[in-house]
Structures are given as structure tokens and as C-alpha cells.
There are 2 protein chains.
Amino acid sequence: MPVSIQDVADRANVSISTVSRVLNRRNIVNQETRKRVESAISDLGYSPNVFARGLMLRKSHILGLVLPDLHGEFYSEVIRGANLRARELGYNLMISSIVAKDDGSELMAAVGDHGLVDGLAVMISEVNARTRATLEKIKIPLVVLDGDVDGVKHDSVVIDQRTGVVALLRHLIEDCQARRIVFVGGLETNIDTIERLDAYREVTADAGIEVTASDVHHLDYQYDTAFELGVKKVREWARRRAAVFAANDEMAAGIIDAALAAGLSTPDDLPVVGFDDTRVATMTRPRLTTVRVPMSSMGAAAIDLLCQRIENPKRPAVKLSLETELVVRESCGAPSAITS
Amino acid sequence: MPVSIQDVADRANVSISTVSRVLNRRNIVNQETRKRVESAISDLGYSPNVFARGLMLRKSHILGLVLPDLHGEFYSEVIRGANLRARELGYNLMISSIVAKDDGSELMAAVGDHGLVDGLAVMISEVNARTRATLEKIKIPLVVLDGDVDGVKHDSVVIDQRTGVVALLRHLIEDCQARRIVFVGGLETNIDTIERLDAYREVTADAGIEVTASDVHHLDYQYDTAFELGVKKVREWARRRAAVFAANDEMAAGIIDAALAAGLSTPDDLPVVGFDDTRVATMTRPRLTTVRVPMSSMGAAAIDLLCQRIENPKRPAVKLSLETELVVRESCGAPSAITS
DNA sequence: TTGTATGCGTTATCAA
DNA sequence: TTGATAACGCATACAA
């Protein structure tokens, strides 16, 4: 049933090496012979067997993308960007998520060993000893997304969250006269949350804004929990004339709705800003002032780096930092420079 | 660098056949020999080469998932479900989207040929001559998601949209006293839109509800365009005491916000219901009455069917219909039976 | 410019 | 219970 290179060779009255040459180094084969071979190929609908080819070339043209989770727009956009670029570069994309409890070693072993994938892009939301050990074992081209791991040599794609947070909070402070800012983040161990919280502490300190322990909240990046928190806190926040910096748009939406439910309005009674600029950001009323994170570009960049390294394994490790952009809408209560 | 079966054999002082037997048919090998081999394997960190294995077995343990698009929660949930199940069953998942303009033939040829994937799950949002021709060419196990294609023998996973629409609209009519219902769908060629529109026409006809041409709108499943339409229409709809049936949650959210922007409130002035029960459904105020579509189950079911067929190619084609469920929340203005 | 022969790492067949 | 050996489909060094 499957048509092999031999079948093509027979039909074109040549040897398999000639067929192979037509397929690869097309130049050194006679015009006429090539034509015969080519028509034989299309007549038979032949296409080379990936396994045989992989066995010889030690290349699968498959790239692996490992994500911490497959929930939410953030990840799906990363996938989308990665997939698009991979196809442009002639690669296939294999996707997996690190299932809860699993530190991903099982997965990465499964995917990365055996030579199945030519390279691996891994996004980690939490760096610990186990993930580090896992990553150390990977011997194929590796790029780490959104966080880099000390002691492991690899390329990485990060987003410049710091600049984003700074721009966002400065805007809140300078243009919106915020005198107090509440932080609503994800888990304390989450890389992004850590970075955003650090930047938050810096900016507030610089501006002489006091931050008490009760100003920092660690949730789970979800709308519902943010809404619940909001229901309990918005009145107090509003009374203290605070603004809310939520570490993602969904939580910001939850806070806004909680304020509304409490009879308060955003931004008048309680300014709220988000992060990521996902679709949610334009689905709230008022629409969210937030920071645009180039999600799909992250995926694409990861694939780029991977392919570069595959082609040139000696290239020194690169750390690519993607820029973020402040997007001012209505939820912060300031006249906007950028409208979008 | 890569350690082969021969290396293991050498270290364990056996032949490669014995190693192979330890790896596969473990029973017919001597206890002690096996132990030697096993420790050699772990010492060397050996794992079989996928390509060599694939060449022999004609199995890659890779499944392909082809989606019309990678945007939105619907697709990402399908991916999530498929990925989880695939891993449970010991398969890897390769993902691709049909890029605009491409009818997918290029892609499916790339992915489905060559023997790279053992099976292919394809979701199509539009059936035409080209997609049909493309699918006909696929000679490996195939399952079509969300719509089946006449004349092509394959398994399929569909969602019972009709029942969902009927339940939803009946609820609107019987429990919410809707006397007129506006339909806001996706493109006219979209499979889901067609099905939902058909069911809509049926139910309204049964209930003696008049449907004029201006009651049916074809948008693009996005919040923004629905909002825009809403801005123009909500007053008229409210005046005519109509309810809005949006073919997905995002558009429903857009309509609700448009009503709000026009000074109208949902559900009092304009009841609105959605479809899919994505996260958006609980992020609107009021929360959406909608129909739960088992998105991740679709992905999982597709993988199940694929694996079943791979194991038993003779099995007659199966059409699996997944149930939907009416989820009553506040946007329809009725006392809810189910709260969620 | 083309053909022959070898090897890639496995599994499977058959003999020992 | 084990081992030698032949495929699997391809790329490539070498010979013609």
C-alpha cells in the first residue's frame, strides 16, 4: 500500500539514488531523468517516509512545545504564534502540558528523548529544584519561555514585565493621582507574579506610596476568586482611595464587577488596571487599562530561537526580551494618550 | 552520543534480540538476564529510537489534531481535552491550524502523509467541495469533529446543538415569556451557525413566533462586532420586547454591554442568551444563560475514537453525539432551575 | 550523470 | 531461552 522510493525508481526506470537525488540535491541530475522521476513521483503520490528519513538524517522536523497548562487565552495565543511560525519554517509542532503534580520530567522525557523532537520549547511558571533538574537533562536544543533557569544553558524568551509594570503604575500615580495601590496577583510561587510584585514594590517605594501587608493579595489568576475578594474589599479600597493593580485582565475584570455589585463604579470610585491585554480587556465596562504582552510573539520567538540553534548549535545562548506596551483605556480614570 | 540497543546489548553481554525482548515481550526472557539488561538500560539511560521503531512497526504514536483556527477558548479547550486523553493513551499530539486561505489540504498532506501520524482528528467549520476532496484523500484513521462529511467514511464527533438550542429557546419562550427572538450568529457558511439557525427557525415556528429577515444577523462570533451591532439595534429590540439569542457567549456579552451603553438593562429591557458556556458566560453581569458545550470532551472523544480505530480498523464508522446542557443564569430573566 | 552497496536502530523470523 | 539475520525506507560514499 505505501509507495516507497523503490516504486518510484522502478516506474521511472532509474535507481533509488537518482530518485533520492531528485528529492534532495536536485542540481546534479539530468533534466530529462529528473522529469521522468518527478512525474513518477506525482503519479504515484509518493512522499518520503518520515521514519526512514529521520533514521538517516537524525532530524524529525518536529518541535515540542511544553506548557504549564492549557487553560486560558495566554497559552492558546502562545500556541497559535508558535504553530504559525513553525509551519513557516517547515516544522511540525507537538504540544503537551505539564499535568498537575507532574513536574514535567515524565513528559519531557517522553517528548524530548528518543530523538522524536528536534528541539523543545518549555514554558515554566514555577522554577524549583525539580524543574531545574529536569531541564538539565535535556540534551537537545532547548528554549525556556518566560523565565530562565540558572545553571542550565539554554536560550530563553522573556517578556519585559518590569518595564510594563513601571509604565502602568507610573501612569496610575502620575496621571491618575493614585495615592495607594492594591496588588492582586497569582500564587506567590508564580514567576510572573513574583516579577510583577517586585516591580510594584519598587515603583510604589519610589513614589513614596505606602504598601502594607494587606495591600498584597495572592489569588489564582481567575475571575471568580478576584470577584469574591473584591466583594469583601472594594468598599474599603474605595474608602482609602486606592487603585487596584491586578496581575492579569481576568482578575481585573472580577474586581470591576465586584465594585459594580457593591454600588461602586470604576474608575471613579475604584480605578482598576490589568495585565496582558487579552480579549477580556475590551470586554469589561469600562474597558481595561492594561499592559499588552506579546503572547503569540512569544511562541513565535521561541520557535525562531529553536530553529536558529538547530541550524547552529554552537551559537551562544541568547536571552530574548520582548517588549510590553502600556495600553490606556478607561478603567484607570485618566485621559488616554494611546487609545486602542 | 546517542546510545543504541547495541550498546545495551554489549553492556549486558547479550544480543540485541534479547534486549528487544526485554523491552517488548518481557515474559519470554530469563529472570537474571532480564535484570542484567534492565540495569544496563538504566545505566546507559537508553531509550529506543523512535524512527527505527516507527520504521519497523509503522506506528508513530503521534496523533494529529487539525483545527480551523487557534483563536478562542473553544479551540483551546478542545486541544486541552485532546491532549490529556492522548497522553493517557500513550500518544503524543501534534497540532496545526488551517491557515486562512488554505483549505487545509497542504497541511493535512504534510501531516497525514508520510506516515508521521497514526491518525488525524480534523475539525472543520465549513464543508465545501475542497474540504471534502481533501478528506477523501486521507487514508489513515480519521475522525471529523463538529460536522460530518457526506461521502467520506470516517468517525465523527458532533455536539447535539439542536437539543441545546431547543432547550434554550423553549426556556426563553415558556419561562421568560419571550414573544420575539433575535438571532445573532456567525458567518452563514459556518456549520455551527447553520445548525443553530435551523433549530432556531424550527422552535420559533413551532411557537408561532414570527421571524423576519431583520431578525437574523450574521456576524463573526466576536465581542466587538456584536457590540457594534447592539449599539445600533438594542433600542429597537427592546421596544419590540425581543430577546436576543447569540450563537456564542462572546457575542452575547457584546450585546449585553451594548444594551447597558444604551441605558438599557439585561434582562429587564433586553434578555440575552449565549451559547457554549465559556468562561465569558460568568464574566458578564448579569451572568449568561447559555448552553454548555462539552468542549474538552470533544477533544477527548476524538482521541478515543481515533485510538479505537487504530486498534480495530475494521470497526464500522461511528458518529458520536455529545450532549449539551441548558445553563440558566440571570441574563434571560427567569427563575433558574439549574444554578451554576 | 547514474548505479551499487552500506548503514541508520529497530523488530521479527528462524534456527540453535 | 537465546542469537544471528533479514527486513523497514532512505541517504550517501564510492564506483562506474
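Proteins come first, then strands; the chains are lettered A, B, ... in the order of their sequence lines, and each starts at number 1. Computation of the quantities below employed the complete heavy-atom set of this structure, encompassing side-chain atoms and omitting hydrogens, waters and symmetry-equivalent molecules.
- Rounded to whole Å, the distance from CG on B:Asp7 to P on C:dG9 is 8 Å.
- With no hydrogens or angles considered, a side-chain donor-acceptor pair links B:Gln6 and B:Asp10 at under 3.5 Å.
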What pairs of nitrogen or oxygen atoms, one from the protein and one from nucleotides 4-7 of chain C, lie under 3.5 Å apart?
residue	atom	partner	partner atom	Å
C:dT4	O4	A:Ser17	OG	3.1

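- Between C:dT10, C:dG9, C:dT1, one nucleotide has an atom nearer to the side chain of B:Tyr46 than all others, and that is C:dT10.
- Separating the CD atom of B:Gln6 from the C1' atom of C:dT10 is a distance of 12 Å, rounded to the nearest angstrom.
- A:Lys35 has its NZ atom 15 Å from the P atom of C:dT1, to the nearest Å.
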### Query
Would A:Lys35 and A:Glu38 satisfy salt bridge (charged side-chain N to carboxylate O under 4.0 Å, His left out), going step by step from the backbone distance to the final call?
CA-CA 5 Å; A:Lys35 278 199 176 154; A:Glu38 279 170 346; over 6 Å; no
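- Between the side chains of A:His71 and B:Glu73, no donor-acceptor pair of N or O atoms lies under 3.5 Å.
- Distances shown here put a side-chain N or O of B:Arg53 below 4.0 Å from the OP1 or OP2 atom of C:dT11.
- Per the geometry, CG belonging to A:Leu55 stands 12 Å off P belonging to C:dT11, to the nearest Å.
- Considering all non-hydrogen atoms of both residues, A:Arg85 and A:Ala300 come closest at CG-O, 3.7 Å.
- For the residue pair B:Ile310 and B:Tyr91, the shortest heavy atom distance occurs at CG2-OH, 3.8 Å.
- In this structure the side chain of B:Met298 reaches within 4.5 angstrom of the side chain of B:Ile159, judged on heavy atoms.
- Here the C1' atom of nucleotide C:dT10 and the CZ atom of B:Arg58 are 13 Å apart, to the nearest Å.
- If you measure from atom CG of B:Asn24 to atom P of C:dG9, you get 17 Å, rounded to the nearest angstrom.
- At a cut-off of 3.5 Å, with distance as the only test, a side-chain donor of A:Asn190 or A:Tyr221 sits close to an acceptor on the other residue.
- Between B:Asp155 and B:Arg315, at least one side-chain nitrogen of the basic residue sits less than 4.0 Å from a carboxylate oxygen of the acidic one, meeting the salt-bridge criterion.
- In this structure a side-chain-to-backbone donor-acceptor pair under 3.5 Å is present from B:His61 to B:Gly90.
- Of all nucleotides in DNA chain D having an atom under 4.0 Å from a heavy atom of chain B, the first and last in 5' to 3' order are D:dT1 to D:dG9.
- One can place CD of A:Gln31 at 16 Å from C1' of C:dT2, the figure rounded to the nearest angstrom.
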